[in-house]
Amino acid sequence: MKLATWNVNSLKVRLQQVTDWLELNQPDVLCLQETKLQDQNFPIDAITSIGYQAVYIGQKTYNGVALLSKQTGNDVVTAIPKLEDIQKRVIAATYADVRVICVYIPNGSEVGSEKYQYKLNWLAALQQWLQIELIKYPKLALLGDFNIAPEDRDVYDPETWQGKILCSQAERDAFNSMIEMGFVDSFRLFNEQKKIYTWWDYRMMAFRRNRGLRIDHILLSEKLSQSCVECTIDRDMRKHERPSDHAPVVVELSD
DNA sequence: ATGGTAGAGGATCTA
C-alpha cells in the first residue's frame, strides 16, 4: 500500500498537477491539505475521471482537506471529536485495515500569539484523539502538514529559527509526545541526513537556495512502521511551474 | 526589524 500527503495550497490552481501526479505515482491514498475550496466546488469529476475517489471537507479561502483514494474509504470522520473548531483541518477514513488520518495542523503565526495558543490547543486535542484511535486501529497512519520541524536538522538555519514558530519547544514537545505514544517518523526510518525539506517559502528564492523546513510528515503506528519499506519526498514537484510551496511525501508499505 | 511571494477575493488575511 502506498500512502502520500501533499499540501497543495489551492486545489483549484494545482488540480492538473495533482491528477498528473496521481496518474504517475498511483498511490492508494493521497492526503491533501489547503484545498481552499467549498465542498460544492470540489473538482470531483477530474478526480473520478482518472479512477480515484474523494472525500473532502472544505471552506472558503482557507484550510480544507481531502482524501483521494483508489478504494472507497470507510468510517469517514471530518473533525477531531470533542474539539470545537470551525476550521476544516482533519479528515480520516479506513482503507482495508489501515486507518488514515489527514491533518492540516495550524501554522500558529507567531510564538505567543492567539493563533499559537490555538495551535497548541489543537495539538492537545489531536493527541487525546490519537490515543483512542490507536486502540481502535493498530494500523494507523497520520499524514499531513504538521507545521512543526521536529529537530534542528529539519531546518535550514536552526539558529535563526531557534524558538520561532514551527520550531518552538512547545511545538516540538507536542510532536515528541506523538512519538512517545508509539508513532514513528517514517522518513527517519531511512534517512538521517540534514538539509532534507518538504516546504520552502515562495519568497527570497528560498527553494533555489534550499532554505526549507521539513514540516510535512507521515507518522506510522508501531504496527504499520514494521511494514514500511520506503519514505520519499518528491522534491521535484517544487521545481514545477506554479508550484505549491510544499512537496509531496510518500510511504510504501509492504503487504 | 523589515521585506520579499502566492492564493483568495476584491481590502486585507493567511502562510
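All chains are named by letter (A, B, ...) in the order of the sequence lines, taking the proteins before the strands, and each is independently numbered beginning at 1. This is a predicted model, so every value here is computed, not measured.
Comparing B/dA11 with B/dG7, their C1' atoms are spaced 15 Å from each other, to the whole Å. To the nearest whole angstrom, the two P atoms, one in B/dG9 and one in B/dA15, are 15 Å apart. On the C1' atoms, B/dG4 is 16 Å away from B/dT14, given to the nearest whole Å. Taking atom P on both B/dA1 and B/dC13, the two are 22 Å apart, rounded to the nearest angstrom.
Look at A/Lys60 and you won't find any side-chain N or O under 4.0 angstrom from OP1 or OP2 of B/dA8. Applying the 4.0 Å criterion to OP1 and OP2 of B/dA8, one finds that A/Ser10 has a side-chain N or O inside that range.
Rounded to a whole Å, the CD1 atom of A/Ile165 is 10 Å from the P atom of B/dA15. For the pair A/Tyr104 OH and B/dG7 P, the interatomic distance rounds to 14 Å; values are reported in whole Å. Residue A/Trp161 contributes atom CH2, which lies 13 Å from atom P of B/dA15 at whole-angstrom precision. Following rounding to the nearest Å, A/Tyr116 (OH) and B/dT14 (P) show an atom-to-atom distance of 18 Å. Rounded to an integer number of Å, the gap from A/Gln59 CD to B/dC13 P is 17 Å. Remark: C1' of B/dG7 and CD of A/Glu241 are 16 Å apart, rounded to the nearest angstrom. Look at CD on A/Gln33: it is 14 Å from P on B/dA15, rounded to the nearest Å. One can place CG of A/Asn41 at 18 Å from P of B/dG7, the figure rounded to the nearest angstrom.
Heavy atoms of A/Arg89 sit under 4.0 angstrom from primed sugar atoms or phosphate atoms, though from no base atom. As judged by a 4.0 angstrom heavy-atom cut-off over every strand, A/Phe207 is placed among residues making no nucleic acid contact.
Using a 4.5 Å heavy-atom cutoff, the side chains of A/Leu30 and A/Tyr52 are not in contact. Looking at heavy atoms from C-beta onward, A/Ile57 lies out of side-chain contact with A/Arg89 at the 4.5 angstrom threshold. In this structure the side chain of A/Trp129 reaches within 4.5 angstrom of the side chain of A/Val77, judged on heavy atoms.
No hydrogens or angles considered: nothing links the side chains of A/Arg214 and A/Thr198 as a donor-acceptor pair under 3.5 Å.
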What nitrogen or oxygen pairs link the protein and nucleotides 3-6 of chain B at under 3.5 Å?
unit_1 : atom_1 : unit_2   : atom_2 : d
B/dG4  : O6     : A/Arg203 : NH1    : 3.2

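Looking at A/Asp75 and A/Lys136, no side-chain N of the basic residue comes within less than 4.0 Å of a carboxylate O on the acidic one, giving no salt bridge.
Considering CZ of A/Phe207 and CZ of A/Arg235, their distance stands at 4.0 Å, rounded to 0.5 Å.
Both A/Glu34 and A/Lys12 lie close to DNA chain B; mapped to their nearest nucleotides by heavy-atom distance, the more 5′-ward contact belongs to A/Lys12.
Tracing side-chain contacts under 4.5 Å through hydrophobic residues (I, L, V, M, F, W, Y), one never reaches A/Leu143 starting from A/Ile80; they form parts of separate clusters.
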